[in-house]
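Start at 1 and go down the list; that is how both ligands and their atoms are numbered. Computed from a predicted structure; not experimentally measured. Quick note: numbers below take in every heavy atom, side chains included, and nothing from hydrogens, waters or symmetry partners.
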Amino acid sequence: MQFFIDTANLDEIKTASTWGIVTGVTTNPSLIAKEGKKLIDVIREIVRMIDGPISAEVQEGPAEAMVEEAFGLAKLHPNIVIKIPMTIEGIKAVSVLSRHGIPTNVTLCFSVAQAMMAANAGATYVSPFLGRLDDDTKDPEAGYRLLEDIRVAYDNYEIPTEIIAASIRHPKHVEQSALAGADIATIPYKVFLQMIEHPLTARGLQIFRDAAK
Ligand code: G3P
């Protein structure tokens, strides 16, 4: 399973790029707004830091407007992936963009039915949201089951659309993503730092440090 970083913060992306394990970046309007910068300016910086798929989200609206914005973003760099919301207009836009060979990531996916619509439109990626589904259902396994079900449905038809596990809140979500067969997990910076921690690792390090003295 590949790791993408889910942030628009350039310092976080720069640091994460030095780890050698992050192969792409996803952003969304909330993450861009948090940085107080324009989408286009942030994306221009990100493509210099990570040589892999960089998701940039278009503003929700009629398909024609989203396609036009997508063409503008796609021109910035060959690694740009157009992130499109899960609406009928979004699906229409994905169909057009896929015919033009522009990679897409259909976001805000909460059901197998939605994932099938994205796949049939030719989406390169689909992004099921684990954390938001778990929160909404108050079930810590709801996102996990959704991922498993999308994996089964896609495998039934050898669908090439890649599954990006998104809305990841903690390391357990990353483990669930891997066990359910997600192709990619897009992970916030702070969750990466939590993933490397384990109390027994810390205890073991201390024992080795003491021994080394
Ligand atoms: O990039 C989309 C997604 O990961 C959002 O996460 O935490 O806002 O639900 P969150």
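Nearest non-hydrogen protein atom to atom 8 (O) of ligand 1 is Arg132 NH2, 2.7 Å. For atom 6 (O) of ligand 1, the nearest protein heavy atom (residue, atom name, distance) is Ser167 CA, 3.3 Å. In terms of protein heavy-atom proximity, atom 4 (O) of ligand 1 is closest to Asp6 OD2, 2.5 Å.
When the shell of 6.0 Å around CG of Asp139 is examined, it contains more than 12 heavy atoms from other residues, nucleotides or ligands. Taking a 6.0 Å sphere around CE of Met86, one finds it holds more than 12 heavy atoms contributed by other residues, nucleotides or ligands. Residue-environment remark: CG (Leu205) exceeds the threshold of 12 foreign heavy atoms within 6.0 Å.
Considering backbone and side-chain N/O atoms, Thr26 never comes within less than 3.5 Å of an N/O atom of ligand 1. Checked against a 3.5 angstrom limit, the closest N/O atoms of Thr107 and ligand 1 fall outside it. Considering backbone and side-chain atoms together, Thr186 places no N or O closer than 3.5 Å to any N or O of ligand 1. For Thr27, no nitrogen or oxygen atom sits less than 3.5 Å from a nitrogen or oxygen atom of ligand 1, counting backbone and side chain alike.
Between Arg151 and Asp183 there is a salt bridge, since a side-chain N of the basic residue sits under 4.0 Å from a carboxylate O of the acidic one. Asp149 has no carboxylate O lying under 4.0 Å from a charged side-chain N of Arg145, or vice versa, which leaves the two without a salt bridge.
Atoms of ligand 1 found under 4.0 Å from any heavy atom of Arg169, numbered from 1 in the order shown, are 7 (O), 9 (O), 10 (P). Each of the atoms 4 (O) of ligand 1 lies under 4.0 Å from some heavy atom of Ala166.
When only modelled atom types and interatomic distance are considered, Gln206 and Arg203 share no side-chain donor-acceptor pair under 3.5 Å. In summary, the side chains of Ser55 and Thr26 do not present any donor paired with an acceptor at a separation below 3.5 Å, with no hydrogens or angles considered.
Under 4.0 Å from ligand 1, the heavy atoms of Lys83 that appear belong solely to its side chain.
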